[in-house]
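First comes the structure, then the notes that go with it.
To find a chain, count down the sequence lines: A is the first, B the second, and so on, and within it residues start at 1.
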Amino acid sequence: MARLHEYQGKQLLATAGIGIPRGGVARTAEEVFDIASQFGGNVAVKVQAWVTGRKALGGVALVHSAREAQEAAEKMFTLHFGNFPVEEILVEELLDIEDEFFVSLTIDDANGSPLLLLDCQGGSGIEDRAESIARIPITAEGEISHEALQEVTGDETVSRAIAAIVSAAKEHEARSLEVNPLVRLTDGSIVAADCRITIDDYAVYRHKDLGIDIARELDHPPTELERVAYAIEQEDHRGTFYFAQLPTEGCEESNRLIAFHGAGGGGSMMSMDAVSNEGFTLSNFTDTSGNPSVAKVYQAARVILSQPNLKGYFGSGSGVASQEQYHSAYGLAKAFREMNMAIPAVIRLGGNSEDRAVDILQDACKDLPAPVLGFKKDDTPASCAGTFARLVEQTDTTNDSMQRTVPDFVGTGAASHFPIKCGTLWIDHLAPEIAEIVIRHSSGLLEPGSDGQPTPAEDIRDKDSELIACEIECLRAGQAVLFVDMPVKGLE
Amino acid sequence: MAVIIDQNKRVMVQGITGREGRARTRLMKNFGTNIVGGCTPGRGGQEVEGIPVHDTVKEVVDASGGDIDISVVFVPARLVKHAAIEAIDAGVHLVVLVPDRVPVWDAMAIAAEAKRAGADFIGPNTLGIISPGKAVLGMIGGNADSAREWFTPPSDDLTNLGVISRSGGMTSSCGYYLAQAGFGLSTLCHVGGDSVIGMPIPDVALRMQLDDETDGIVVFGEIGGSQEERLAQLMNEGRITKPVICYIGGKAAKEGTRFSHAGAIIEGGRGTHDGKVDALTQAGATVVDAFGDLPDAAREIFSVDRANA
């Protein structure tokens with residue numbers, strides 16, 4: 001995630017020349033003991049967690065022996081903050097503090113520029129002094145007026161340290177950076193006693209050195225499936241795929257757990273509200289939008305269906321999509337067919353080419369065990385959610401019984417195969433009249449080879465979307481003879 | 001009159017030769033937008049949809065013989081900052097930034113340059129703006145036939161509404177359902193899904209307040225940020241006096257989890273659903289609880305207004 005822990009943020013500050021306390025990070029209570037011993041046991045023991053008011057929650061201890069430090073750490077390692085277990089503890093020398101400053105860089109959405117909040121009393125209770133906090137503008141280049149800083153701090157060294165913090169925020173493209181407190185020690189040196197940095201998700205690609213593995217804000221550590229989904233998004237930039245699992249504790253046995261697949265942020269949130277009104281618990285939040293490739297929608301559906309205990313699959317976006325909706329229909333149809341869908345699916349496909357999209361989805365899925373229904377822009381989210389609730393009511397299975405199957409000819413010597421982006425195209429050995437059908441549905445991508453079998457007419461590696469469309473159209477023509485094998489890394 | 005875009009504004013397209021650039025140039029041209037040129041570095045001399053392509057914005061400005069009012073940008077996110085600043089420095093008055101995932105410090109650099117030059121920008125991450133019956137910027141409607149079918153142009157016989165939305169898809173949805181309910185539409189504007197954007201809801205609302213073709217303003221707001229609160233502030237100050245009807249998405253969203261776009265996140269208790277609903281309600285806006293209630297709410301307000309008149 002793009003939030004950094006305190007010790008990671010402090011490392012960035014240290015690199016920028018700002019003082020930080022001496023100390024180290026521990027993953028066990030024994031390591032805490034060892035680090036504390038280096039400082040004669042006079043240390044601060046601090047859980048590394050994304051939470052405000054850590055001290056009040058038992059996440060900080062100031063101790064005077066290594067033994068005490070270890071005991072405090074033992075307790076802390078059993079704590080959870082939100083959905084995050086404590087995995088790391090920062091152990092630092094105790095500081096002889098003279099003055100404290102509250103330093104916080106934030107992005108002021110009203111002005112479209114960075115802003116520094118600064119107060120000469122650091123520490124806790126800052127929320128209650130909101131009125132007295134100085135607000136100093138920062139340029140888009142990460143520059144701040146020295147005079148303005150001086151006016152508040154009255155101390156050259158402190159002002160220079162704050163300017164360096166601001167500059168570090170710009171360098172690492174922080175959305176927010178808070179040092180609370182920045183302290184002046186009795187020996188006059190300036191030290192960042194705490195640090196919270198959030199890096200801009202959209203800029204993480206320019207900061208590979210930060211080691212951010214999943215640039216998404218979640219209220220829990222990334223799950224295995226979220227990592228799978230994130231990897232899909234990183235490898236295919238056609239449209240957007242967002243997947244977050246939601247808390248389902250206590251709902252697993254309720255028979256009300258469902259999959260959610262939205263399209264577009266606003267439409268997704270609205271649709272989520274509509275289906276929640278039917279008393280369902282959403283296992284996930286997903287958004288595929290921005291004209292996504294067929295392959296991306298297919299992979300999204302596969303990831304969604306990998307969650308346990310689902311009673312149904314609800315899809316709905318804005319309802320009046322500018323993008324051509326048949327792409328999504330092909331992707332969903334392929335996933336539902338491969339998984340031999342045994343739970344009902346209701347997909348609101350309103351927008352451009354909605355008639356074609358609904359026809360593709362329903363026709364391609366008509367012989368599956370569970371109903372798969374498509375709806376259009378004149379069907380409201382509430383009515384779609386109502387239909388969905390009735391179908392789920394009539395279904396007594398979950399998706400746990402479902403398994404992916406691929407056609408028998410895949411992987412056999414009789415079938416020809418061609419590499420494509422994210423997978424392999426397989427074509428069974430065909431009678432001439434069937435080869436003709438396949439070629440007709442291939443939008444010119446395939447032509448008769450010397451042996452009469454369908455052969456790529458051009459470079460088809462990037463034509464994964466068109467080939468999935470071809471696969472579904474052949475199916476609809478009664479010929480399950482062409483298959484795009486697109487394994488999702490981490491699922492198969 | 002219309003806000004932001006009409007059929008007379010001179011428009012160019014940056015990144016015109018790319019997949020999105022080509023498709024959306026077709027939409028804009030077929031819908032009536034006056035597109036005078038486009039550019040992609042290294043592609044000068046080509047044509048897209050009969051529109052001449054140049055290497056730089058400056059060349060488009062020179063070749064078209066004068067001012068370019070608006071440039072619509074379809075380049076990869078990492079190149080948006082450069083493209084926007086190039087356009088602003090070439091004297092373009094308004095830059096429309098369609099791409100998603102533009103880094104926020106890039107957006108702030110664009111904002112600073114626009115401010116310096118006295119230019120405006122919309123987005124990043126905007127689906128675009130459409131004035132039905134006149135012209136479109138970006139990709140609202142997807143193709144010209146759909147855009148004509150979905151969105152009723154404003155007329156003297158109808159009550160005409162402007163739509164401002166933080167969600168791209170919901171911009172079209174609001175327009176379509178309001179048209180189905182019998183309203184004319186003056187302008188639909190997707191301000192962009194990001195936190196730092198060039199023309200937020202209050203700025204567009206101020207333009208609609210001055211627009212004689214807009215009788216009322218419909219807002220699709222979302223959790224996160226302060227745009228809705230600032231709109232409420234303008235209403236309290238008497239600077240927006242036309243009826244305002246709102247829906248705020250994200251009621252079920254939890255603090256700390258981002259729901260798709262960068263703008264829609266509640267951080268530090270700011271930008272909550274309740275806070276926005278309260279601010280707007282107290283300022284005199286009609287806030288509906290379910291999105292499907294927007295058209296009925298609009299109908300009710302305007303029949304009441306007519307009875308009073």
Donor-acceptor under 3.5 Å (B:Ser173 side chain, A:Ser318 main chain): yes

Residue B:Glu20 versus chain A: region with a heavy atom under 4.5 Å: side chain

For the student: nearest non-hydrogen atoms of B:Trp150 and A:Ala321, plus distance: CH2-O, 3.3 Å

Choice from B:Ser165, B:Ala290, B:Cys174, B:Ser146 maximising heavy atom contacts with chain A below 4.5 Å: B:Ser146

B:Val102 versus A:Tyr202, closest heavy-atom pair with distance: O-CD1, 3.3 Å

More than 12 heavy atoms of other groups within 6.0 Å of B:Arg19 CZ: yes

Contact class of A:Ala274 relative to chain B, heavy atoms under 4.5 angstrom: neither

Heavy-atom contact with chain B under 4.5 Å, split by part of A:Asn111: neither

Least distance between heavy atoms, B:Ser195 atom then A:Arg175 atom: OG-NH2, 2.8 Å

Among B:Asp106, B:Leu127, B:Ile197, residue most engaged with chain A (heavy-atom pairs, under 4.5 Å): B:Asp106

Segment of B:Leu27 engaging chain A (4.5 angstrom heavy-atom cut-off): neither

Heavy atoms of other groups near A:Lys421 NZ, more than 12 under 6.0 Å: yes

Over 12 foreign heavy atoms within 6.0 Å of NE2, B:His82: no

Nearest atoms (heavy-atom pairs only) where B:Ser226 meets A:Ala110: OG-CB, 4.3 Å

Side chain to side chain, B:Phe291 and A:Thr380, heavy atoms closer than 4.5 Å: no

Contacting moiety of A:Pro114, where chain B heavy atoms sit under 4.5 Å: both

Engaged part of B:Arg101 at the chain A interface, taking heavy atoms whose separation is under 4.5 Å: both

Any side-chain heavy-atom pair of B:Arg230 and A:Asp109 under 4.5 Å: yes

B:Asp89, CG atom: more than 12 neighbouring heavy atoms under 6.0 Å: yes

Engaged part of B:Ala107 at the chain A interface, taking heavy atoms whose separation is under 4.5 Å: neither

Atom group of A:Gln323 that falls short of 4.5 Å from chain B, counting heavy atoms: neither

Point-to-point distance, once rounded to the nearest 0.5 Å, from CE of A:Met270 to CD of B:Glu222: 11.0 Å

Donor-acceptor contact below 3.5 Å, side chain A:Asp200 vs main chain B:Val104: yes

Engaged part of B:Asn143 at the chain A interface, taking heavy atoms whose separation is under 4.5 Å: both

B:Met139 versus chain A, the contacting section by heavy-atom distance below 4.5 Å: backbone

Under 4.5 Å from a heavy atom of chain A, the part of B:Arg78 involved: both

Atom group of A:Thr139 that falls short of 4.5 Å from chain B, counting heavy atoms: backbone

Distance, nearest 0.5 Å, that separates CE of B:Met108 from CD1 of A:Ile138: 8.5 Å

Nearest heavy-atom neighbours spanning B:Trp105 and A:Ile107: NE1-CD1, 4.5 Å

Atom of A:Ser322, atom of B:Gly141 and distance for their closest heavy-atom approach: OG-N, 2.9 Å

